[in-house]
Amino acid sequence: MITLLQRVSEARVDIAGETVGRIGPGLLVLVCAEPDDTEAVGQKLLSKILKLRIFGDEQGKMNRSVQDVGGGLLIVSQFTLAADTTSGNRPGFTGAAPPALGEALYDRFVALAREQHPLVQTGRFGADMQVHLVNDGPVTIPLTIH
């Protein structure tokens, strides 16, 4: 799975003018399933995200996790993270899981997150979403787990 984590002071997802997910401080998690991904890959990814120390401590050093600071997770599906731009000017997306598999893996990832973290909000798989965020730092971390 491919993810892009953004430490945020706030973030939300709107669909057709309606807010469907919103968090205050925490992580915006953009996630893309790949064809060979499994639930086990999703669990490994989630464990890494929940423990990743990218929030400041008393000295301002990145030494705390989203769990340590009680931050939220806003999980948004984004197949374009698998973009292949090696040829031509139009990206290819064959590196992303087919839609049915991608949705199943995304839904399971969200369910696991909700079992393990108290504040989880989401976008909607396959929807045309507008993602609004205030990147805190800015801190943006690409993370891929196989």
Inset, instruction - Would you kindly say whether Asp84 and Thr94 are connected by a side-chain donor-acceptor distance under 3.5 Å? - result: no
Legend entry - Pair Thr19-Asp14, side-chain donor/acceptor within less than 3.5 Å: yes
Restricting to non-hydrogen atoms, name the atom on [X] and the atom on [Y] that form the minimum distance, rounded to 0.1 Å.
{"X": "Ile23", "Y": "Gly72", "answer": "CD1-O, 3.7 Å"}
{"X": "Ala33", "Y": "Met1", "answer": "CB-CE, 4.1 Å"}
{"X": "Phe93", "Y": "Thr80", "answer": "CE2-CA, 3.7 Å"}
{"X": "Val41", "Y": "His146", "answer": "CG2-C, 3.9 Å"}
{"X": "Met129", "Y": "Gly123", "answer": "SD-CA, 3.7 Å"}

Legend entry - Donor-acceptor contact below 3.5 Å, side chain Tyr106 vs main chain Ile75: yes
Inset, instruction - Check whether any side-chain N or O of His117 sits under 3.5 Å from a backbone N or O of Val66 as a donor-acceptor pair, and report yes or no. - result: no
Does [X] come within less than 4.0 Å of [Y], counting only side-chain N to carboxylate O?
{"X": "Glu39", "Y": "Lys44", "value": "no"}
{"X": "Glu18", "Y": "Arg12", "value": "no"}
{"X": "Asp136", "Y": "Arg7", "value": "yes"}

Legend entry - Gln43: which of Gln116, Arg108, Lys48 passes side-chain hydrogen bond (donor to acceptor under 3.5 Å, both in side chains): Gln116
Legend entry - Co-membership, hydrophobic cluster, residues Val69 and Leu133, 4.5 Å side-chain: no
Legend entry - Option among Leu50, Thr122, Leu28 that satisfies the side chain to side chain contact (heavy atoms under 4.5 Å, CB included) test with Leu73: Leu50
